[in-house]
2 protein chains.
Amino acid sequence: MSRVTIADVASAAGVSKTAVSFAFNNPERLGQATLERVLGVAQDLGYAPHPAARALSMRRSGTIGVLIPQRLSTVFANPFLGELIQGLGELCEEHDLTLLLVPPLDGSLEGAIRQASVDGFISLGLSPDDRALGVLDRIGIPTVLIDSEGSPAHPAVNVDDQGGAEVAARHLLELGHRQLAIIVLPPARTQTHSTPTAARRLAGYLAAITAAGAPEPHSVVAGVSVAAGAHAFEALPRGRLRPTGVLAMSDMGAIGVVIAAQRAGLRVPDDISVVGFDDVPASAWTNPPLTTVRQPIVEKGRLAARLLIQRMKGRPVTSPAPLSTRLIVRNSTSRARNLDLPMYGREIE
Amino acid sequence: MSRVTIADVASAAGVSKTAVSFAFNNPERLGQATLERVLGVAQDLGYAPHPAARALSMRRSGTIGVLIPQRLSTVFANPFLGELIQGLGELCEEHDLTLLLVPPLDGSLEGAIRQASVDGFISLGLSPDDRALGVLDRIGIPTVLIDSEGSPAHPAVNVDDQGGAEVAARHLLELGHRQLAIIVLPPARTQTHSTPTAARRLAGYLAAITAAGAPEPHSVVAGVSVAAGAHAFEALPRGRLRPTGVLAMSDMGAIGVVIAAQRAGLRVPDDISVVGFDDVPASAWTNPPLTTVRQPIVEKGRLAARLLIQRMKGRPVTSPAPLSTRLIVRNSTSRARNLDLPMYGREIE
DNA sequence: CCGTTTTACTAAATCGGTTTATGGTCTGGG
DNA sequence: CCCAGACCATAAACCGATTTAGTAAAACGG
């Protein structure tokens, strides 16, 4: 009942284990006749080399791990990861690699990292002081960071978050919005402070806002999901202080805000403008289509995978320049209603 | 520079490899003093057991594989997989398992299956005669099928595709639509004929249509993506024979149809009704929100993972009853325009 | 015909763990 | 004082492959 091993094939074919191994990995080292016989027997027996045994002796598993900072059961609610995997996947296919999703094992990424049999890691959104990073270079597995601070040890792939955020905020300001709100991404996994990405986007928003001399924005923390975005909207000030423009750090959050606003009887963009971040595909289909900051997610995945594969080959690699972002203006933003119009400041609901 | 092994720890702590192993896996078999010393040394050296070695000797890898019928670079364009993984992920977390994505290795799923070091497989949408299935039970790794024909060897988790499709078609027919079109899912990976899911949905559509005595629908094959759906719309007959109702076998396809229709100057649902399948979350946010057949994707993932884990524990498992589907009526469908109205049959563009 | 390659194959070491079987040391009871 | 049992720790076997070093036989060159 148990699995067919190389020894079974060897004895069935009347040769040594070495010969069987050669048949698959070094066929030219075997005579025609033996080669065919061994291959035939292996086929008949349904032999497949044990992957773990193979990985152990070859010191490579043919797998790269994606270090995910959240639970699997929630992280895919954001299309971002799916997009990223499309990019990673392209290079994995080229190089015959499979992808292992590595979420925290009962809360601990460190533990998960040790368990994972991979040749390299792509790590998402780790803060520079996450303990997982320590484990990573202690174990010495090549790693490429995405959305983190780069370090001499590990190259990082980033986009111009701050620049993108700045343009987004300026867009609202130029449309005449003064009273803004920011939907801030939740803090890093174990830390209380924000992720590098959130920090950079926030810096961009604030830079534009203070440069324009607009009042300090109200800010609410919300996870990257439609529900969280909707919830965040509820937490916004109402009445006279109600923001007319919302800067969300994610598209999902922005969509949530839009939906909650509409449910509350506001029209988007007439009563409230909302701008997202990421430009996931769905942003183009929403009602209204979302104004958002586009970042090249698939390209980011491709680039990170490419760098990782370089590192896995032993070549030294340094962090590339941040990929550029750009504002995609669709229909969730419009000119701010004039302060004197009767509509301004009306109570919600 | 190379990795710290159990032997290094053993010699550094002045004990045997066995003792080190026990320190981690069988701490009660060691004395207090030794235990602490070994653990301390291991910590200092940054020791982590080699996952492949561990997997080899323990005969388990702590990983389950998801057999994906398409390339990674395309499959995540459909939110379906992400949703499913949310479900799988819930149970993986409970049982400390990681998830390996196993797409075809240069075209061959069989090859990919052999390489994957996993304790079990979840397989997506395999036709009953796919050669990959043969490999699966030859190797003897527990497997649960999703969206396939179940077999005595492998339990399958399915939803009531046919019933759902039937309700969807009836919905359009009851709204007065006669001239329908069907956007058919593309055939299985290597085969020329359709996947079980596509076949069942098609059967459902046709059952309702013939029962209603409506004319035979036009059908177009299109992949599960917005672009493919849009493309499919272009292939639909125009003029007098233009369908007023479209049955898409996926939400992504449906969204593509909607977008292409709107681009062509049609109003949805006034000029053309479209119904999707799956009810991925994005369907609720589109413009207009999509009428679609809801299937419980996350639940499907949960159930499949639960069954697989049972099988991995050696318990026998049989295919559960199909999960039920239901029609979610939103705004992409409406009463068919009366045949006599001047608008009917107007040329597109 | 003899030494040298080449060819075809194999025994044994190795990868890095876990596990089984066993051997000492201490303790306590008779 | 002796023996049984409890307690700790270890040597060696094992998991299932790859790979190194080497051997026997055949082919080759002069």
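Labels below follow one simple rule: chain letters A, B, ... track the order of the sequence lines, proteins then strands, and each chain is numbered from 1.
Proximity of B:Ser21 to the phosphate of C:dG17: no side-chain N or O atom is located under 4.0 Å from OP1 or OP2.
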Assign a letter to each nucleotide of nucleotides 9-16 of chain C from its 5' end: B, base within under 4.0 Å of a protein heavy atom; S, sugar-phosphate only; -, no contact. BBBB--BB
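Across A:Thr143, A:Leu145, A:Leu136, a single residue satisfies side chain to side chain contact (heavy atoms under 4.5 Å, CB included) together with A:Leu67, and that is A:Leu136.
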Steps toward side-chain contact (heavy atoms from CB on, under 4.5 Å) verdict (A:Tyr47, A:Asp8): CA-CA 9 Å; A:Tyr47 166 71; A:Asp8 299 332; over 6 Å; no
Criterion side-chain contact (heavy atoms from CB on, under 4.5 Å) on A:Leu308 and A:Met312, from CA distance to verdict: CA-CA 6 Å; A:Leu308 180 58; A:Met312 285 168 26; 3.9 Å; yes
Taking it one step at a time, do B:Leu88 and A:Phe76 satisfy side-chain contact (heavy atoms from CB on, under 4.5 Å)? CA-CA 11 Å; B:Leu88 298 175; A:Phe76 272 102; over 6 Å; no
For A:Thr5 and A:His50, run side-chain contact (heavy atoms from CB on, under 4.5 Å): C-alpha distance rounded to whole Å, both residues' side-chain angles, the deciding distance at 0.1 Å, then the answer. CA-CA 8 Å; A:Thr5 75; A:His50 192 297; over 6 Å; no
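Per the geometry, CG belonging to B:Asn25 stands 16 Å off P belonging to D:dA9, to the nearest Å. Atoms CD1 (A:Ile139) and P (C:dG17) sit 11 Å apart, rounded to a whole Å. The interatomic distance linking A:Glu36 (CD) with C:dA8 (C1') rounds to 15 Å, in whole Å.
In this structure, the helix from C:dC1-D:dG30 to C:dG30-D:dC1 shows an angle of 50° between the axis at its start and the axis at its end, each fitted on 5 base pairs and rounded to 10°.
With sequence neighbours left out, B:Lys300 forms a side chain to side chain donor-acceptor pair (under 3.5 Å) with B:Asp147, B:Gln295.
Heavy atoms of B:Asn26 sit nowhere under 4.0 angstrom from any nucleic acid atom.
Looking only at side-chain heavy atoms (C-beta outward), B:Asp129 and B:His193 come within less than 4.5 Å of each other.
By the 6.0 Å contact criterion, CZ on B:Arg37 is enclosed, its count of non-hydrogen atoms from other residues, nucleotides or ligands being greater than 12.
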